[in-house]
There are 2 protein chains.
Amino acid sequence: MNDSAVEASSKETSKQGLPRLADVAAHAGVSSKTVSRVVNNEANVRPQVRAQVLRSVAALGYRPNAAARALVTQRTHQIGLIATASSLYGPTAGLFSLEQAAWKAGYGLTLTTVQEASEAQLGEAIHYLMVRGVEGVIVSGVAGVLHLGTSTLADMPLVSTSPITTESAKHVLVDSDQVAGTRAAVRHLYNSGHRLIAHLAGPLGWDSAARRRDGWRLELEDLGLHPGPLLEGDWSPRSGYEAALTLDRTAATAIVVANDHMAMGAIRAFTEKGLHIPDDMSVVGFDDVPEAAYQIVPLTTVRQDFSSVAERSVHELIQLIEGRPAEETCIHLPTELIVRASTARCFGNPN
Amino acid sequence: MNDSAVEASSKETSKQGLPRLADVAAHAGVSSKTVSRVVNNEANVRPQVRAQVLRSVAALGYRPNAAARALVTQRTHQIGLIATASSLYGPTAGLFSLEQAAWKAGYGLTLTTVQEASEAQLGEAIHYLMVRGVEGVIVSGVAGVLHLGTSTLADMPLVSTSPITTESAKHVLVDSDQVAGTRAAVRHLYNSGHRLIAHLAGPLGWDSAARRRDGWRLELEDLGLHPGPLLEGDWSPRSGYEAALTLDRTAATAIVVANDHMAMGAIRAFTEKGLHIPDDMSVVGFDDVPEAAYQIVPLTTVRQDFSSVAERSVHELIQLIEGRPAEETCIHLPTELIVRASTARCFGNPN
DNA sequence: TCTACTTGATCGCGCTGCCCG
DNA sequence: ACGGGCAGCGCGATCAAGTAG
């Protein structure tokens, strides 16, 4: 049997039926303050007493009441997460890492969603979370640049994957290095002989989409090349398919796509048009979703490390919450180019 | 000593710097109880007074303190979500629907994760959530059958996508009708002339995987057919790829795969072995992930309506929380077979 | 006696429920 | 019909009191 059995014995009371500090104290024959000391791992309790209290805690299945504790300490150890309501791979991939990192650090996660990154919706979301007592906020996978007007909002520790206009020492950006990601993709294509390199961007209202486009353009310029056609999708496979259908086959020999799912749609479209991947068209995705490696044409892509972003976000946020100022306010984590079979040497340009 | 009465006419105080009920009361020139009435929309407040209080609330930017309120009312309007830590499409797809449904109903969502569906981990997770004051729990995307031993756990309103052994009027199952899903897939293949129909299952420790396998087997039996080979993966594209590699090409002309991502891996494997999809092998997936329609061979699959499952789950949970007993304890929502290009008529069996 | 350690009584966090005028 | 006083939810903090060396 379980020695820490959670069996409700007969005596203790509480409106919820859960045992309280006082019940443990009575059971252990000490004062409630002593129980509090033990529960909070304070010093200056005799090992004997501590052990006895611990035994009573286990016997009664006592758990401290978070509301009461929050009321008196003014601390909730809760983090709020604001996400855009969508099942995009990127935003959801880091979610559980976020929760686990928070959990390890002793924080809980309260989730809320917004439709768009307007100041109004963001403000509403943050207030919603403040009412619930969160001590900091992570904004993940939200479209644009964040504007936070009022002082109470600016005072809230906040980590975001999008840049924030508000001047505040309590705001930090943590994200993959999008620019470096598409730069690497372009360089890979260039080294394979491609000179006409298109880009299929995500919705350019999203900061991450804009930054991926910038990386593509910047690298091309550094290479002395003119940017190829620029298309725009909405992250969905369908939009990738539709955008790729509009691409003139003579306009590019390769395309950098802003995420894997649009890349899959694009490959489907190219295939329908009779182009062979990669011989007639090289395609690079972004994200490295799990199925990317197992497409009929395994996808060359830029891998993002979503867990690292999540863990770093939680880490930085907790620093902020606990009053340590951020050392860097913009943290870009590396991406990695994964070369598979959707890119090939371009023989049109034997370089 | 402390003339705490009327110090705060226009200078609100509180440890967090946030205004309290008493500050609003002072500002509006009423008692704090009256402010409480207004904030909680209680009756018996003159419109004039109500308006004045509302004005003060707005002027001070007052938001009620959730911890204090929870402490006294024993209600938090928080729902806990227990999920398995993984970025599987299914579990995450319904997540934001869950949050939005909860939000609409006036509840917040607290997230936690478990590694496996053991009683110990689940009990731990539920306790973690109880401490945080959740009034009900949704268990989503967790592997096996749930065993909840102790009485405090059995008393917690709980909605799950997995069956629960515990006898409790407060536990409800809401999920897609997995059995009907794979049954429909098998029937579709049968109607296309297939007689050798294999199954690539998810990890059979997962209840949903077991139920999908059952549907496959049951339909086959109803059709008077022997079940074809049964393979098992772990939901990942890689596992689908590896499992499909082991399938003897004479053993089946079609395969029902327990999710789309394994189906993609399987298609990749078949393609490598020189089989053409769908001519040499028909493949049916499960889920209808967004990219399924945009594969080079668009995937025939069984669509699950994750938002409906999520919304229904929240609905049922709130019924339970508010003391209305469940009318049904097992709710299965319909799935839909989406026929695309990965299945074709089997000419080996001209039927 | 003094110091170091250990324990307990009392109060109040911000809010709502009860009961009163 | 309307508004206010007061108690107390469960916990941690303060400070005083107790025990041993």
Side-chain angles (χ1 to χ4, degrees), chain A residues 12-53 56-57 60-77 130-133, chain B residues 1-2 4-6 8 12-54 56-57 60-77 130-133 135:
Chain A
E12 64 277 5
T13 55
S14 129
K15 287 205 174 166
Q16 285 189 341
L18 296 173
R20 299 158 306 175
L21 213 50
D23 299 317
V24 179
H27 187 273
V30 298
S31 79
S32 59
K33 178 63 217 188
T34 298
V35 179
S36 172
R37 283 199 181 89
V38 172
V39 168
N40 294 304
N41 262 314
E42 287 175 27
N44 299 339
V45 178
R46 261 186 309 159
Q48 230 176 15
V49 176
R50 182 180 298 271
Q52 173 55 38
V53 169
S56 299
V57 165
L60 268 43
Y62 169 78
R63 300 273 179 145
N65 176 310
R69 190 178 257 184
L71 187 58
V72 64
T73 59
Q74 305 289 339
R75 301 229 29 199
T76 58
H77 290 275
M130 281 175 81
V131 165
R132 283 169 162 75
Chain B
M1 288 289 195
N2 218 339
S4 57
V6 198
E12 62 275 6
T13 55
S14 126
K15 286 204 175 169
Q16 284 190 340
L18 295 174
R20 299 158 306 175
L21 214 49
D23 300 316
V24 179
H27 187 272
V30 297
S31 79
S32 60
K33 179 65 227 201
T34 299
V35 179
S36 171
R37 282 198 181 89
V38 172
V39 169
N40 293 301
N41 263 314
E42 288 176 27
N44 298 340
V45 179
R46 259 184 308 160
Q48 231 175 15
V49 176
R50 182 179 298 271
Q52 173 54 40
V53 169
L54 255 16
S56 300
V57 165
L60 268 44
Y62 170 77
R63 300 268 177 157
N65 176 311
R69 189 179 259 182
L71 187 58
V72 62
T73 59
Q74 305 289 339
R75 298 228 33 197
T76 57
H77 290 276
M130 281 176 80
V131 164
R132 282 172 162 73
E135 302 182 27

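- Residue A/Asn40 has a polar side-chain atom (N or O) positioned under 4.0 Å from OP1 or OP2 of D/dG12.
- B/Glu42 has its CD atom 15 Å from the P atom of D/dA1, to the nearest Å.
- Candidate nucleotides D/dG3, C/dG17, C/dC15 were compared by shortest atom distance to the side chain of B/Val49, and D/dG3 ranks first.
- A side chain to side chain contact (heavy atoms under 4.5 Å, CB included) with A/Arg50 is found for exactly one of A/Val38, A/Thr34, A/Val30, namely A/Val38.
- Residue A/Tyr62 places no side-chain N or O under 4.0 Å from the OP1 or OP2 atom of D/dG10.
- Remark: C1' of D/dC11 and CD of A/Gln74 are 12 Å apart, rounded to the nearest angstrom.
- Residue A/Thr34 places at least one side-chain N or O under 4.0 Å from the OP1 or OP2 atom of C/dG8.
- If B/Gly29 and A/Ser32 are placed on DNA chain D by their nearest nucleotide, the residue sitting closer to the 5' end is B/Gly29.
- In plain terms, the two heavy atoms of A/Ser56 and A/Ala28 that are nearest each other are OG-CB, 3.3 Å.
- Contact detail for B/Val53 and B/Val24: the closest heavy-atom pair is O-CG1, 4.2 Å.
- The side chain of A/Arg37 lies closest to C/dG8 when the candidates are D/dA1, C/dG8, D/dC11.
- A straight line from CG of A/Asn65 to P of C/dC13 spans 18 Å, rounded to a whole angstrom.
- A residue-by-residue look at B/Val45 and A/Val35 shows that B/Val45 has its nearest nucleotide of DNA chain D further toward the 5' end.
- Summarising the geometry, the separation between CD on A/Gln48 and C1' on C/dT6 is reported as 13 Å, rounded to the nearest angstrom.
- A donor-acceptor pair is defined here as one N or O able to donate and one able to accept, closer than 3.5 Å; no such pair exists between the side chain of B/Glu135 and the backbone of B/Arg75.
- Among all heavy-atom pairs drawn from A/Ala67 and B/Leu71, the shortest one is CB-N, 4.1 Å.
- Distances shown here put a side-chain N or O of A/Asn44 below 4.0 Å from the OP1 or OP2 atom of C/dT6.
- Distances shorter than 4.0 Å separate some side-chain N or O of A/Ser36 from OP1 or OP2 on D/dG12.
- One finds a side-chain N or O of A/Arg46 lying less than 4.0 angstrom from the OP1 or OP2 phosphate oxygen of C/dT7.
- Here the nucleotide nearest the side chain of A/Val72, chosen from C/dC13, C/dG8, D/dC9, is C/dC13.
- A/Leu71 places its CG atom 12 Å from the C1' atom of C/dT16, with the value rounded to the nearest Å.
- Side-chain proximity of A/Leu21 to the nucleotides C/dC15, C/dT7, D/dC11 is greatest for D/dC11.
- Taking only distance into account, the side chain of A/Lys33 never meets the base of C/dA9 through a donor-acceptor pair shorter than 3.5 Å.
- Side-chain atoms of A/Arg75 and base atoms of D/dG12 include no donor and acceptor less than 3.5 Å apart.
- In this structure, B/Asp23 places its CG atom 12 Å from P of C/dC13, rounding to the nearest Å.
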